[in-house]
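Comments concern the structure below.
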Amino acid sequence: MHALRNTRGSRLVLAAAIGSIALMTAGCTSSGSAGSTSENEAVGDELAPSIYCGEECQEQLALEADPASIDCSVGVSWSSASFPYGAKSTQQIPEFAEAFFPGMDVTVSDGQGDSTVQSGQVDDMIAQGIDVLIISPQDAAALAGAVDRATAAGIQVIAADRAVDAEVSTYIGSDNVEAGIVSGEAIVADFPDGANVVELAGSLGASPTIDRGDGFRQALEGSNVEIIATQTANYDRAEGLQVMEDFLQRFGSGEIDAVFTHNDQMSFGAIQAIKEAGREGEIKVYGIDGESGALDLVQAGEYAATVGYPLVVKESVIAAAKLCAGEPIDERIVLDSTLINADNVEEYTGRAPQ
């Protein structure tokens, strides 16, 4: 099946199915690489955005309609549920909708990291007659056609986490360029005399990959920090491990000062490779996302810093409710990006961005 139908009578089946994906994903990581979030923590006790939605963001998502009056069908198309961000998002979006919008029916699909598969799933949702589409595209360009078809069918579209090269009602997520800048500035600050950095990039063509890389390079301008090698590791821990092993073979002791990765999962792989090579004392690792397991590693002194890139679960559902109610919404809603390092990690323990 390309999609799971989450009607009011089958929400528990969907939660169990997607929940198993989340558990399997967590099982692929080490005890220090992925934390779990309980359903109560994910949903919360009140209808409100997350703590990473600042004052402007909260104003943009203020819902005027009575939540009980929301009666519509929402499709959720995620690039992949095989990594923590996607697994948690596809599990928690229907949970949050069920808790606060009993009249909102949610269809969830897992694009399996394949743009063609995801595009077909969107077409299935269009045929089902959904009212709102929440999409996190595998590839910004490759999913543009599917989004255009949805819009042509009268469906309002929310780009969640990742942008898409098509017109949408709103794009919700942290600023990936800013996330790259914050991480780059942290490295420049930690290495005032300069450093050699290797980069583990995300999936080619994905908007976060492009933007995080661009932001990182902006932050390095005018500094003595140099990127000596870049390689994609597809936001995957196992690939991060392999790519870092290759870098360690290519560059001998003293030739790499720091690693910049586009997400925590690749950082976990890089840290493992560095440990196994016995070179943890000479290389610092910096990443993006703010998984709870990443915060554990920061506290343990094994991870220099991560930049929080929060889930957009609550924000996406509230935005869908506003669109269902016919309320206007801004084209861009930005969540906060925060550097989390040894100096402030305790402030975020227990409420990690992811």
Side-chain angles (χ1 to χ4, degrees), residues 2-3 57 60 74-83 85-86 89-90 93 107-127 130-181 201-218 230 232-236 262-263 288-289 309-313 315-316 319-320 322-323 328-335 337:
H2 289 312
C57 170
Q60 292 173 309
V74 177
V76 180
S77 172
W78 218 267
S79 58
S80 174
S82 66
F83 59 97
Y85 196 102
S89 297
T90 51
I93 284 175
T107 301
V108 176
S109 66
D110 171 9
Q112 303 168 32
D114 187 314
S115 295
T116 300
V117 170
Q118 188 178 16
S119 181
Q121 292 170 344
V122 172
D123 287 333
D124 289 345
M125 292 180 183
I126 294 172
I130 61 172
D131 300 299
V132 176
L133 172 66
I134 298 173
I135 184 168
S136 183
Q138 172 65 22
D139 184 285
L143 270 296
V147 169
D148 286 338
R149 291 191 292 276
T151 301
I155 298 168
Q156 299 185 87
V157 181
I158 298 168
D161 169 44
R162 296 181 174 187
V164 62
D165 295 342
E167 185 175 347
V168 296
S169 298
T170 187
Y171 165 33
I172 303 175
S174 294
D175 186 328
N176 279 295
V177 173
E178 180 66 19
I181 289 174
S203 304
L204 298 177
S207 62
T209 303
I210 298 168
D211 291 344
R212 292 178 182 188
D214 287 349
F216 184 67
R217 284 160 177 76
Q218 287 181 35
T230 299
T232 180
N234 290 306
Y235 296 111
D236 182 74
H262 289 196
N263 80 333
I288 297 172
D289 273 354
Y309 187 88
L311 297 173
V312 291
V313 168
E315 292 77 12
S316 295
K322 284 180 67 67
L323 292 174
I329 194 166
D330 290 344
E331 294 181 358
R332 183 71 172 99
I333 299 175
V334 181
L335 279 73
S337 294

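Note that the coordinates shown come from a computational prediction; the quantities given were computed from them, not determined experimentally. Both backbone and side-chain heavy atoms feed into the values below; hydrogens, waters and symmetry mates do not.
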Q: Go through the steps for Ser174 and Val334 under the test side chain to side chain contact (heavy atoms under 4.5 Å, CB included), then give the verdict.
A: CA-CA 5 Å; Ser174 294; Val334 181; 5.5 Å; no
Is there a donor-acceptor contact under 3.5 Å from the side chain of [X] to the main chain of [Y]?
X	Y	answer
Arg162	Ser207	no
Thr232	Gly202	yes
Ser115	Gln138	no
Asp110	Gln112	yes
Gln60	Arg332	yes
Thr170	Ile158	no
Thr209	Gly205	no
Asn234	Asp236	no

[X] [atom1] to [Y] [atom2] distance, which is reported to the nearest 0.5 Å:
X	Y	atom1	atom2	result
Thr230	Arg217	OG1	CZ	4.5 Å
Ile126	Ile155	CD1	CD1	5.0 Å
Asn263	Tyr85	CG	OH	11.5 Å
Glu178	Ser337	CD	OG	6.0 Å
Ile134	Asp161	CD1	CG	12.5 Å
Glu315	Ile333	CD	CD1	8.5 Å

Quick check: closest heavy atoms across [X] and [Y], and the distance to 0.1 Å?
X	Y	value
Ile329	Ser169	CG2-O, 4.0 Å
Ala144	Asp165	CB-O, 3.2 Å
Asp148	Ala166	OD1-CB, 3.5 Å
Ser316	Val312	OG-O, 2.7 Å
Trp78	Ala160	CH2-CB, 3.9 Å

Q: With side chain to side chain contact (heavy atoms under 4.5 Å, CB included) as the test, would you mind laying out the steps for Val164 and Tyr171 before giving the verdict?
A: CA-CA 9 Å; Val164 62; Tyr171 165 33; over 6 Å; no
Q: Let me see the working for Leu133 and Met125 under side chain to side chain contact (heavy atoms under 4.5 Å, CB included), right down to the final yes or no.
A: CA-CA 8 Å; Leu133 172 66; Met125 292 180 183; 4.0 Å; yes
Q: Using distance alone, with no hydrogens and no angle criterion, decide if Gln121 and Ser77 have a side-chain donor and acceptor under 3.5 Å apart.
A: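 The criterion, which ignores hydrogens and geometry beyond distance, is not satisfied for Ser77 and Gln121.
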Q.
Measuring only between side-chain heavy atoms, which start at C-beta, is Leu335 closer than 4.5 Å to Ile172?
A. yes
Q) Are any of the side-chain heavy atoms of Ile135 and Gln118 separated by less than 4.5 Å? A)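 A side-chain contact exists here, since the closest heavy-atom pair is under 4.5 Å.
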Q: Name all residues meeting the salt bridge (charged side-chain N to carboxylate O under 4.0 Å, His left out) criterion together with Arg149; count only those two or more places apart in sequence or in a different chain, and write none if there are none.
A: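 Residues passing salt bridge (charged side-chain N to carboxylate O under 4.0 Å, His left out) with Arg149: Asp123.
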Q | Under the ring pair (Phe, Tyr, Trp, His ring centres under 6.0 Å) test, residues paired with Tyr235 that sit two or more places apart | A |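 Scan of Tyr235 (ring pair (Phe, Tyr, Trp, His ring centres under 6.0 Å), adjacent residues dropped) gives none.
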(Q) Walk me through whether Ile93 and Val108 qualify under side chain to side chain contact (heavy atoms under 4.5 Å, CB included). (A) CA-CA 9 Å; Ile93 284 175; Val108 176; 5.8 Å; no
**Q.** Steps toward salt bridge (Lys or Arg N to Asp or Glu O under 4.0 Å) verdict (Asp289, Arg212)
**A.** CA-CA 11 Å; Asp289 273 354; Arg212 292 178 182 188; 3.5 Å; yes
